[in-house]
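So the structure is just underneath, and the comments pick up after that.
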Amino acid sequence: MSQEPTSNFIRTIINEDLEGRKCDQVITRFPPEPNGYLHIGHAKSICLNFGLASEYNGRCNLRFDDTNPTKEEDEYVEAIKEDVKWLGFDWGEQPLFASDYFEQLYQWALKLIAKGKAYVDSQNAEEMRVNRGTLTQAGTASPYRERSVEENLQLFEKMKNGDFPDGAHILRAKIDMAAPNMNLRDPAMYRILHARHHRTGDTWKIYPMYDFAHGQEDSIEGVTHSICTLEFEDHRPLYEWFLNELEIFTPKQIEFARLNLSYTVMSKRKLLQLVNEKHVEGWDDPRMPTVSAMRRRGYPAAAIRSFCERIGVGRNASWIDLSVLEDCVREQLNESAFRRQAVLDPLKVTITNYPDDKVEELEAPNHPQQPELGTRRVPFSNELWVDRDDFLEEPPKKFFRLGPGREVRLRNGYIIKCDEIIKDASGEVVELKCSADFDTLGQNPVGRKVKGIIHWVSARHARKVPVRIYDRLFNQENPDKAENYLTAMNPDSLQLTEALVEPSLLEAKAGETFQFERVGYFTVDTKDSQVGQPVFNRTVTLRDAWAKLKK
RNA sequence: UGGGGCGUCGCCAAGCGGUAAGGCACCAGAUUUUGAUUCUGGCAUUCGCAGGUUCGAUCCCUGCCGCCCCAGCCA
């Protein structure tokens, strides 16, 4: 279905660079920090960076920006690799790490000190903050700003050797304390951190700041187009300052607007809080906006890719409605998911003219539009379950399901007519007595049209399976607008229930997705299912024109 | 009230001086043993507002207005 990708400003820039011979290949990179799981916003960046690289026959590096050992873990590295791979992208032999460049970065810091472009500051964090000035007031120089090169070198050496506690000193670039761009007011380059790094262990006592690392990492890797989000636009002059002072290759940075999805939060800090405080069951809880959660929920990777293509890329602060993502999921699943029948809210139907001891195995296609996908057998008997909302005692005009005296087709089966309604003492309908027209299997009756079709399952043969009905995690379009986003959580985001399913579903394997006809797509949970005992996650509902009509 | 961005249909988004692509949503109709899918057709005399330049402006200039980002030893 992927037609000519629509033009966007990044492709335009790349085309110009290629034509103007500013570069002769395209090298991009996806640089996550391994401090959390990837979310759908990262997926946008992944699809962009890897997509562009493959479009232009270039390369995209997966590089972990692991410059802050206090927040990074191997667990995240592994999870991120799995997610990128699952999304369908290939980063070549091995992923890269910022920590691979620690020695080089250190040498470059030395070079800047030697050039008189960096100094060791001994103010504490609070003093630095105050002296940085404000948006409208210039900062004031640190009393340590004019230390000699020799002294700076000595102090930095000691910082590196671990002679000082965290926070005692810091290496700063000497740029301009009055710069209107705050990033240029002598930004921090290296801080002391006595922390064990997930890859370099205890080798380093000082770690580079992101701003002193990122541009150089891209430079080392020969990244031609360094694509990042808008908030880094103000940092670009700083990166270019470092690159110029260091006299090394300057990649072209291009910024785009990050993704905002309605009814969800996207900051890793908040996602981590949801996990840590057990508001959800983990990073891959199917309600989370993470890639791993979507995978577990049953979203196909292709749906996420098509979503990223569909939303495009620009510089506007855009808000995408969750329904766009869900629609991409339907688009993919409609193609691939096998059809099955399942009843979530059962109402008993007895076929009065069908022998009590008779069972038929009706043949039903796995996919009505793709006969090559084969068929399965569905048992039929005189006692069935149908869904409660397929019956109305007083049907409104446009309702063409079951009602007193009404006919309806049983999906893949006979047409039946509702002859009698049985109620319990409280007046609730508990059973329908119906008669079947046995001339309607696989063919329409002559002389009348039966428009309604409902799904069903043979009571005697049905199997009960646990089902989880998921809904949006938040009730507010933009949870960040709430005083505290946690108060915007949807208390009904998870409903545990059961479904009565046709027997073939018991053999469903973990990760498989089915369409429960007329209901939605359901995926066998990969964590909680046992062989022969699937647990289903509702991936997404089907579009429902009737629900819309009702309103 | 410093700096950096952004404003094109309900939501995204092309367009880069020659007279408004596309997708989604929506509406109408057709097909349909899923009220699903599919298929047809409709859907911005107008590009935040006001001036200006020009034969001609969404595209250039000026001024307003609105929104986003920046004052971590986070990334």
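Here is how names work: the chains are called A, B, and so on, in the same order as the sequence lines, proteins then strands, and each is numbered from 1. Both backbone and side-chain heavy atoms feed into the values below; hydrogens, waters and symmetry mates do not.
- Note: CZ (A:R258) to P (B:G5) measures 19 Å, nearest angstrom.
- For the pair A:F256 CZ and B:C12 P, the computed distance is 16 Å after rounding to whole Å.
- If you take CZ of A:R330 and C1' of B:U38, they are 16 Å apart, rounded to a whole angstrom.
- Classified by interplanar angle (parallel below 30°, tilted 30° to 60°, perpendicular above 60°), the ring pair A:F156/A:Y106 is parallel.
- Across all strands, A:G442 comes closer than 4.0 Å to base atoms (heavy-atom distances).
- Between A:L62 atom CG and A:I80 atom CD1 the span is 8.0 Å, to the nearest 0.5 Å.
- Taking the O4'-C1'-N9-C4 or O4'-C1'-N1-C2 dihedral as appropriate, B:G72 has a value within 90° of 0 and is therefore syn.
- Using a 4.0 Å heavy-atom criterion, one finds that A:T12 contacts the sugar-phosphate atoms exclusively.
- Contact annotation for A:V519: no contact, since no heavy-atom pair falls under 4.0 Å across all strands.
- Protein atom CD1 of A:I13 is 15 Å distant from nucleotide atom C1' of B:A14, rounded to whole Å.
- Residue A:L362 is classed as having no contact, given no heavy-atom separation below 4.0 Å to the nucleic acid.
- Within the 4.0 angstrom heavy-atom criterion, no nucleotide atom of any strand lies near A:E255.
- Between A:D166 and A:R191, no side-chain nitrogen of the basic residue sits less than 4.0 Å from a carboxylate oxygen of the acidic one, so the salt-bridge criterion is not met.
- Mapping A:G312 and A:T136 onto RNA chain B via the closest heavy atom, the residue that lands nearer the 5' end is A:T136.
- Nucleotides B:C65 and B:G48 place their C1' atoms 8 Å apart, quoted to the nearest Å.
- Considering only side-chain N and O atoms, A:R315 lies under 4.0 angstrom from the phosphate OP1 or OP2 of B:C6.
- Cation-pi contact between A:R315 and A:F256: absent, since separation from the ring centre below 6.0 Å together with deviation from the ring axis within 45° is not met.
- Rounded to an integer number of Å, the gap from NZ of A:K481 to C1' of B:C68 is 14 Å.
- Rounded to a whole angstrom, the distance from the P atom of B:A75 to that of B:C64 is 39 Å.
- To the nearest 0.5 Å, atoms SG (A:C418) and CG (A:L402) are separated by 5.0 Å.
- Rounding to the nearest 0.5 angstrom, the gap separating the NZ atom in A:K158 from the CZ atom in A:F164 is 5.5 Å.
- The side chain of A:E233 sits closest to B:G4 out of B:A36, B:G4, B:A13.
- The closest side-chain heavy-atom distance from A:N412 to A:P365 is below 4.5 Å.
- Set against B:A14, B:C24, B:G35, the side chain of A:F9 has B:A14 as its closest nucleotide.
- Residue A:K451 places none of its side-chain N or O atoms closer than 4.0 Å to OP1 or OP2 of B:U32.
- Side chain to side chain, A:T375 and A:E363 meet the donor-acceptor criterion of an N or O pair below 3.5 Å.
- Aromatic ring orientation, A:Y239 versus A:H235: tilted (interplanar angle from 30° to 60°).
- Counting non-hydrogen atoms under 4.0 angstrom, A:Q137 reaches nothing in the nucleic acid.
- Ranked by how close their nearest RNA chain B nucleotide is to the 5' end, A:G314 and A:A545 are led by A:G314.
- Between the CG atom of A:N478 and the P atom of B:C11 there is a distance of 15 Å, given to the nearest Å.
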**OP:** Scan nucleotides 70-75 of chain B nucleotide by nucleotide, 5' to 3', and note B when protein non-hydrogen atoms come under 4.0 Å of the base, S if they reach only the sugar-phosphate, - if neither.
**Re:** BBSBSB

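- Note: A:Y76 and A:W283 have perpendicular aromatic rings, judged against thresholds of 30 and 60 degrees for the angle between ring planes.
- Below 30°, between 30° and 60°, or above 60°: for A:Y414 and A:Y354 the angle between ring planes is between 30° and 60°, a tilted geometry.
- Here A:P237 lies out of heavy-atom contact (under 4.0 Å) with every strand.
- One P atom belongs to B:C55, the other to B:G42, and the distance between them is 38 Å to the nearest Å.
- Results of the side chain to side chain donor-acceptor pair (under 3.5 Å) test with A:E407 over A:K449, A:K451, A:R448, A:K417 single out A:R448 as the only residue that passes.
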Under 3.5 Å, N/O pairs linking protein and nucleotides 40-43 of chain B:
none

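- The base of B:U38 lies outside donor-acceptor range of the side chain of A:Q369, with no N or O pair under 3.5 Å.
- With respect to A:E331 and A:R310, a salt bridge is recorded, a charged nitrogen being found less than 4.0 Å from a carboxylate O.
- In this structure, CD of A:Q253 is placed 13 Å from C1' of B:G5, rounded to the nearest angstrom.
- Taking the ring axis of A:Y119 as reference, the NZ or CZ atom of A:R147 does not stay both within 45° of it and closer than 6.0 Å to the ring centre.
- Rounded to an integer number of Å, the gap from CD of A:E517 to P of B:U32 is 17 Å.
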Subject >> Strand RNA chain B as a dot-bracket string - pairs counted if Watson-Crick or G-U with both distances under 3.5 Å, | where the partner lies in another strand >> reply: .(((((((.[[[..)..(...]]].(((((.......))))).....[[[[[..)....]]]]])))))).....

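- Residue A:R401 is classed as a base contact, given a heavy-atom separation below 4.0 Å to a base.
- B:G17 and B:G56 have their C1' atoms separated by 8 Å, given to the nearest Å.
- Put simply, the side chain of A:R236 and the base of B:G4 share no donor and acceptor less than 3.5 Å apart.
- Comparing B:U34, B:A13, B:C12 by their nearest atom to the side chain of A:N316 picks out B:A13.
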